[in-house]
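Below, chains carry the letters A, B, ... as their sequence lines are ordered, and counting in each starts from 1.
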There are 2 protein chains.
Amino acid sequence: MSQDGVGVDLETSLGYLLKQASTALRVAMEEVLRPLGMSVTHYACLELLAQRPGLSNSELARGAFVTRQTMNVLLQALERVGHVTRPAEAPVGKVLPTRLTPRGRRSLEKATVAVRSVEVRMLAGMTEAEQSDAFRLLQSMIHSLRDGNDGARVVARHTSRRARTGVQRA
Amino acid sequence: MSQDGVGVDLETSLGYLLKQASTALRVAMEEVLRPLGMSVTHYACLELLAQRPGLSNSELARGAFVTRQTMNVLLQALERVGHVTRPAEAPVGKVLPTRLTPRGRRSLEKATVAVRSVEVRMLAGMTEAEQSDAFRLLQSMIHSLRDGNDGARVVARHTSRRARTGVQRA
DNA sequence: TGACTCATGTCAGCATTCTGACATACCGTG
DNA sequence: CACGGTATGTCAGAATGCTGACATGAGTCA
C-alpha cells in the first residue's frame, strides 16, 4: 500500500538490510531449533564448547553475544540437565573451564545438522566467490564499527559496556 | 588463549559473521541513541513514520522487526509524550494510521543525524561498488531464508507473517 | 447472505536478557 | 611489596520483547 515516491532510504540502507538479514537468520534458526527444545543462544554455547573445549563463562558470553550474567544462568541450566560440566573450584584464578558432556555432545549433533541446513539454504544462490565477498565485506563493517570510533575512546567493551546508565525512556 | 587447530568453522561461518555484524551495528546505534533517550526500536518507528506517514501499528511492527504487541506499547508511550498521533477511531477497518507530530519530527531529526554517522562509519573503507555488492548479497540471503523453505510449513510467526500487505517488498 | 479465513488492535502473563552491585583474583607499575 | 586497573563469577531486580488470547473488521467463496 504505502508506495510513495519519496526516496525512502530505509529501502537502500545497508544497516537496515543487515538487521533484516540477521532477523531472518535468527527466525530461521529458531524454527529448526525449536523442535529440539533449544534456543539460538543455547546452541551457540554448545557449538562454542565443542570447538573450543574449556572456554570460561565470560568467553562463552562474548562468543554468543550475550552478557556474562545471561550466559551464567544458561550454563547453570545446562549443568543441571547434564549437558556441560564445570569444576567446583577454579584451577586458576576465578575462571571455571567448561566442557561438554557426552550427553551434551549428542544433543549438539542434532542441532548442528539443523543449523547447517539453514546456513546452506541461506547461501543457496551464491557462488563461492560471492560468499567470500560477503565474508570480507561483513568483516570490514564489523571492523569499522568496532574501533573506527569517534572521540569516545572505547577500551573495555565487556560485551558492550559503554553503558552510561540506563536509557530513560520516553 | 584457546587457539586450537581444529577447523573451527565458527570462524568461517557467514551466519556467525552476520550475527556479529548485526550486533556491532546495534551496539553502535544504542551508543549514539542513548544520549537522546531513544532506543533502536524507538528510532526505527519514528524513521518509518517519517518516510511513510500513516503506517499502521502492524506495519510499523514488521518494519521494525518486532511483534505488533511490542510496537503497540511503544506507540502508546510515544502518543503519551506527544511524538505521534493516532485517530481515536479507525477510518476504515481496525487500522489506525499513525503520524508524526512536529515534536516527534524534531526528536527524530537529531536521532537521524546520529544514526547516519554510524552508518557512514560502518561503510568507511568500502567503495561504492562494494556497497552495492554487499546490498545485493544480503538481499540474496534474506530471500533464500524467507521462502526457500523446506517442507516444514511454518505459519505461526506473528512478525514475518506473510506480509503481503505491508512494508515488506523488495 | 452466511461461513470461513485472515489481519488488526489490544490486554495480560511469561520469558529472556540486561543493568547494578559485590567479592575476588590476576597483572602491571612504581 | 602495595596498589590501581582490569577480569571474572554470581546474585538480585528491572526492562524489554514475546506468546497467548480475544473481539472485531474485511475479503472470499459458495
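Partners of A/Glu109 according to the side-chain contact (heavy atoms from CB on, under 4.5 Å) rule, which considers only residues two or more places apart in sequence or in another chain, are A/Arg105. In this structure, A/Ser58 has no side-chain hydrogen bond (donor to acceptor under 3.5 Å, both in side chains) partners at least two apart in sequence or on a different chain. In this structure B/Ser132 satisfies the side-chain hydrogen bond (donor to acceptor under 3.5 Å, both in side chains) test with no other residue, sequence neighbours excluded. Annotation: side-chain contact (heavy atoms from CB on, under 4.5 Å) contacts of A/Val118 (sequence neighbours excluded): A/Leu25, A/Ala28, A/Met29, A/Val32, B/Leu145.
Checking side-chain atoms of A/Thr23 against main-chain N and O of A/Lys19 turns up a donor-acceptor pair under 3.5 Å.
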Donor-acceptor contacts under 3.5 Å from residues 82-93 of chain A side chains, at least two apart:
residue, atom, partner, partner atom, Å
A/Arg86, NH2, A/Glu79, OE1, 3.4

Identify every side-chain donor-acceptor pair in residues 35-48 of chain A under 3.5 Å, counting partners at least two apart or on other chains, and give the distances.
residue, atom, partner, partner atom, Å
A/Ser39, OG, A/His42, N, 3.1
A/Tyr43, OH, A/Glu47, OE1, 2.8
A/Glu47, OE1, A/Thr112, OG1, 3.2
A/Glu47, OE2, A/Gln51, NE2, 2.8

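A/Leu55 has its CG atom 11 Å from the P atom of D/dG9, to the nearest Å. Whole-Å rounding puts the A/Asn72 CG to C/dT16 C1' distance at 15 Å. C/dA7 atom P lies 19 Å from atom CE of B/Met71, rounded to whole Å. Across the protein-nucleic acid pair, A/Glu59 atom CD and D/dG9 atom C1' stand 13 Å apart, rounded to whole Å. Rounded to a whole Å, the CG atom of B/Asn57 is 14 Å from the C1' atom of D/dG17. Rounded to whole Å, the distance from CZ on A/Arg68 to P on C/dA21 is 13 Å. When the C1' atom of C/dT10 is taken as reference, atom CD of B/Gln76 falls 7 Å away, rounded to whole Å. At whole-Å resolution of the value, CG in B/Leu74 and C1' in C/dG9 are 15 Å apart.
Between the two ends of the helix from C/dT1-D/dA30 to C/dG30-D/dC1, each summarised by a five-pair axis, the helix axis turns through 40° (rounded to 10 degrees).
For the residue pair A/Arg68 and A/Ala61, the shortest heavy atom distance occurs at CA-CB, 3.5 Å.
No N or O donor and acceptor, one from the side chain of A/Gln69 and one from the base of D/dG13, sit under 3.5 Å apart.
The residue A/Ser39 sits apart from the nucleic acid: no heavy atom pair falls under 4.0 Å.
Contacts classified as ring-ring contact (aromatic ring centres under 6.0 Å, His included) and involving residues 9-38 of chain B (residues at least two apart or in different chains) are given here: A/Phe65-B/Tyr16.
A residue-by-residue look at B/Val95 and A/Thr41 shows that B/Val95 has its nearest nucleotide of DNA chain C further toward the 5' end. Sequence order on DNA chain C of the closest nucleotides to B/Ser58 and A/Thr70 puts B/Ser58 first from the 5' end.
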Please list, for nucleotides 24-26 of chain C, all pairs of protein and nucleotide N/O atoms separated by less than 3.5 Å.
residue, atom, partner, partner atom, Å
C/dC26, OP1, A/Gly93, N, 2.9

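Within the structure, a side-chain polar atom (N or O) of B/Arg86 is placed less than 4.0 Å from OP1 or OP2 of C/dT10. Note on B/Arg62: a side-chain N or O is less than 4.0 Å away from OP1 or OP2 of C/dT8.
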